[in-house]
Amino acid sequence: MGTALVIQNDPTDDLRRLGDWLAEAGLEVTVLRPYAGEALPESLDGFLALIVLGGDQSAYPDAAGTPGAPWFPALEGLLRKAVRHRVPTLGVCLGGQLLAAAHGGLVERSTAGPEIGPGLVGKRDAADNDPLFKWVPLLPDVVQWHRDEITELPLNAVLLAASSRYPHQAFRIGDRAWGLQFHIECDAAMFAEWTRIGSEELDELGYDAEVVAAAVEGVLADVEEVWQPFAVRFASLALGTLPDADIPNTGAGRTLPLLGQ
C-alpha cells in the first residue's frame with residue numbers, strides 16, 4: 001500500500017485537519033520536514049501523491065539569488081517530476097506558489113498587501129470540468145494568510161478560482177496537479193498560533209489578533225463542509241478510485257494560422 005508524500009516546509013504549518021480528512025478517506029501519508037534536516041527524495045517512485053504545505057518563506061529567491069529555503073530547488077524539481085509523471089499533487093499556499101514557480105509562473109510580494117483571515121473565492125468556468133473543483137460551491141469559504149502572490153500563472157495552467165484582490169486563488173497544471181493560494185488545513189489552534197507569531201504584522205495592519213482568530217474559528221465549519229469532500233476526492237484520485245477523474249476534451253485548443261491565411 002503506497003502513501004502520499006507530504007512536504008512540511010514550516011513547523012507551524014502541518015497537515016492538521018487535512019491530514020484527518022485524508023486518513024478518513026484511506027490515504028496514508030509520509031511526512032518529510034526538510035526544515036529539520038530531512039532530505040527530499042530524488043523521485044516520487046512508490047508514492048501515490050505529493051502534497052506541499054505552506055510556510056513563512058518566499059517562493060522566489062532574494063536579490064542575491066538565494067532561494068527562500070535551501071531545499072526549494074530540489075522541491076521544485078520534485079513538483080516538475082510530479083506533473084510530468086501525472087502524480088496527483090496538491091500545493092497549499094506556499095506549496096501552490098512553488099508549484100507555479102516550478103513551471104514558469106511568477107511569484108512576487110503582493111502590491112495589494114497581505115491577505116489574512118476568513119474570505120471567499122469565486123470559482124471560474126473551467127472548474128466545472130475539473131475532477132476536484134466541479135463539486136465545490138460557487139463561492140467557497142477559505143482561510144487566508146499570505147503576503148506574496150502568484151502574479152503570473154504558468155502558461156499551461158488552468159485558473160479555477162479567483163478573488164478581486166488576488167486573481168490567482170486556485171489553478172491546475174496538467175490533469176493531476178492543483179495549487180491553492182488559501183489554506184484548507186488549519187484549525188483554530190493553528191491559526192491562533194499564527195496570530196501570536198505574526199502579531200507585529202497584524203499590528204501594522206491595524207488588525208486585532210483576537211478578533212481575526214475568532215473570525216477564522218467562526219468559519220471553520222463552513223470551510224470543512226467544502227474542503228473535506230475536496231480532500232476525499234483528492235485521496236480517491238491518488239488511490240485510483242475516483243470514478244470521474246478524467247477531464248473532458250473540450251476541443252483542440254489554440255493553433256497557429258497557416259502561412260498565407
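Nothing here was measured: the structure is a model prediction, and the numbers come from that model.
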* Structure fact -> In this structure, CG of Leu160 is separated from CG of Leu132 (nearest 0.5 Å) by 9.0 Å

* Asked: Side chains of Val107 and Leu98: closer than 4.5 Å at any heavy-atom pair?
  -> no

* Does Trp71 share a hydrophobic cluster with Leu32, counting links as ILVMFWY side-chain heavy atoms below 4.5 Å and allowing steps through other members? -> yes

* **Of Arg233, Arg172, Arg124, Arg176, the residue whose pairing with Asp130 passes salt bridge (charged side-chain N to carboxylate O under 4.0 Å, His left out)** => Arg172

* **For the student: nearest non-hydrogen atoms of Gly117 and Val216, plus distance** => CA-CG2, 3.9 Å

* His103 and Leu79: which non-hydrogen atoms are nearest, and at how many Å? -> CE1-O, 3.6 Å

* Structure fact -> Shortest non-hydrogen pair, Ala59 vs Phe72, comes out as CA-CE2, 4.4 Å

* Please report the C-alpha distance between Val212 and Trp194 in whole Å, then the side-chain angles of each, then the deciding distance to 0.1 Å, and finally whether the side-chain contact (heavy atoms from CB on, under 4.5 Å) criterion is met. => CA-CA 11 Å; Val212 176; Trp194 292 353; over 6 Å; no

* Check whether any side-chain heavy atom of Pro41 sits under 4.5 Å from a side-chain heavy atom of Leu5, and report yes or no. => yes

* To do: May I have all residue pairs that pass ring-ring contact (aromatic ring centres under 6.0 Å, His included) and include part of residues 4-48, sequence neighbours excluded?
  => none

* To do: Could you point out which residue of Glu149, Gln144, Gln181 forms a side chain to side chain donor-acceptor pair (under 3.5 Å) with Gln169?
  => Gln144

* To do: Assess whether side-chain contact (heavy atoms from CB on, under 4.5 Å) is satisfied between Asp10 and Leu53, documenting all intermediate values.
  => CA-CA 8 Å; Asp10 190 299; Leu53 297 174; over 6 Å; no

* Taking the side chain as C-beta and beyond, is there a heavy-atom pair between Leu120 and Ser163 under 4.5 Å? -> no

* Mind running side-chain contact (heavy atoms from CB on, under 4.5 Å) on Ile150 and Phe171 for me, showing each step along the way? => CA-CA 11 Å; Ile150 302 166; Phe171 63 95; 3.5 Å; yes

* Would you list the pairs meeting salt bridge (charged side-chain N to carboxylate O under 4.0 Å, His left out) in which at least one residue belongs to residues 88-98, sequence neighbours left out? => none

* **Within one Ile-Leu-Val-Met-Phe-Trp-Tyr cluster: Leu220 and Phe191, side-chain cutoff 4.5 Å** => yes

* **Qualifying side chain to side chain donor-acceptor pair (under 3.5 Å) pairs with a residue from residues 77-86, counting only residues at least two apart or across chains** => Arg86-Asp175

* Output yes when a side-chain donor or acceptor of Thr151 lies under 3.5 Å from a complementary backbone atom of Leu106, and no otherwise. => yes

* **Donor-acceptor contact present, side-chain Asp13 to main-chain Gly54, <3.5 Å** => yes

* Structure fact -> Sorted by chain and number, sequence neighbours left out, salt bridge (charged side-chain N to carboxylate O under 4.0 Å, His left out) with Glu224 holds for Arg17

* To do: Mind checking the CD-SG spacing from Glu115 to Cys93? Nearest 0.5 Å is all I need.
  => 9.5 Å

* **ring-ring contact (aromatic ring centres under 6.0 Å, His included) contacts touching residues 216-239 (sequence neighbours left out)** => Phe133-Trp227, Phe133-Phe230, Phe182-Trp227, Trp227-Phe230

* Structure fact -> The complete set of salt bridge (charged side-chain N to carboxylate O under 4.0 Å, His left out) pairs with one or both residues in residues 35-54, sequence neighbours excluded, reads none

* Pairwise distance OG1(Thr89) to CG(Leu50) - rounded to 0.5 angstrom -> 4.5 Å

* Could you list the residues that satisfy side-chain hydrogen bond (donor to acceptor under 3.5 Å, both in side chains) with Ser199, not counting sequence neighbours? => none

* Is it true that a side-chain atom of His146 and a backbone atom of Asp148 form a donor plus acceptor pair closer than 3.5 Å? -> yes

* Glu108: partners by salt bridge (charged side-chain N to carboxylate O under 4.0 Å, His left out), with sequence neighbours left out -> none

* Can you check whether His183 reaches Val92 side chain to side chain, under 4.5 Å on heavy atoms? -> yes

All N/O donor-acceptor pairs, side-chain side in residues 236-245, below 3.5 Å, sequence neighbours left out:
from, atom 1, to, atom 2, distance (Å)
Ser236, OG, Val232, O, 3.0
Thr241, OG1, Ser236, O, 3.4
Asp244, OD2, Lys134, NZ, 3.0

* For Asp14, salt bridge (charged side-chain N to carboxylate O under 4.0 Å, His left out) partners two or more places apart -> Arg16

* Asked: At their closest point, which heavy atom of Leu159 faces which heavy atom of Ala162, and how far apart are they?
  -> CD2-CB, 4.5 Å

* Do Pro140 and Val121 come within less than 4.5 Å of each other through their side chains, counting heavy atoms only? -> yes

* **Heavy-atom closest contact (Ser58 atom, Leu94 atom, distance)** => C-CD1, 4.2 Å

* Assess whether atom CD of Glu217 is packed by more than 12 heavy atoms of other residues, nucleotides or ligands within 6.0 Å. => no

* Among residues two or more places apart or on two chains, list those pairs meeting side chain to side chain donor-acceptor pair (under 3.5 Å) that have a residue in residues 46-57. => Asp56-Arg147

* Could you pull out the closest heavy-atom pair between Trp145 and Gly198, with the gap in Å? => CZ2-CA, 4.2 Å

* Considering residues, nucleotides and ligands other than Asp62, do more than 12 of their heavy atoms fall under 6.0 Å from its CG? -> yes

* Asked: So Thr195 and Leu202, side-chain contact (heavy atoms from CB on, under 4.5 Å) or not? Walk me through it.
  -> CA-CA 7 Å; Thr195 63; Leu202 293 175; 3.8 Å; yes

* Structure fact -> Glu210 meets the side-chain contact (heavy atoms from CB on, under 4.5 Å) criterion, sequence neighbours left out, with Asp208

* With rounding to the nearest 0.5 Å, note down the distance linking CD in Gln8 to CG in Leu15. => 7.5 Å

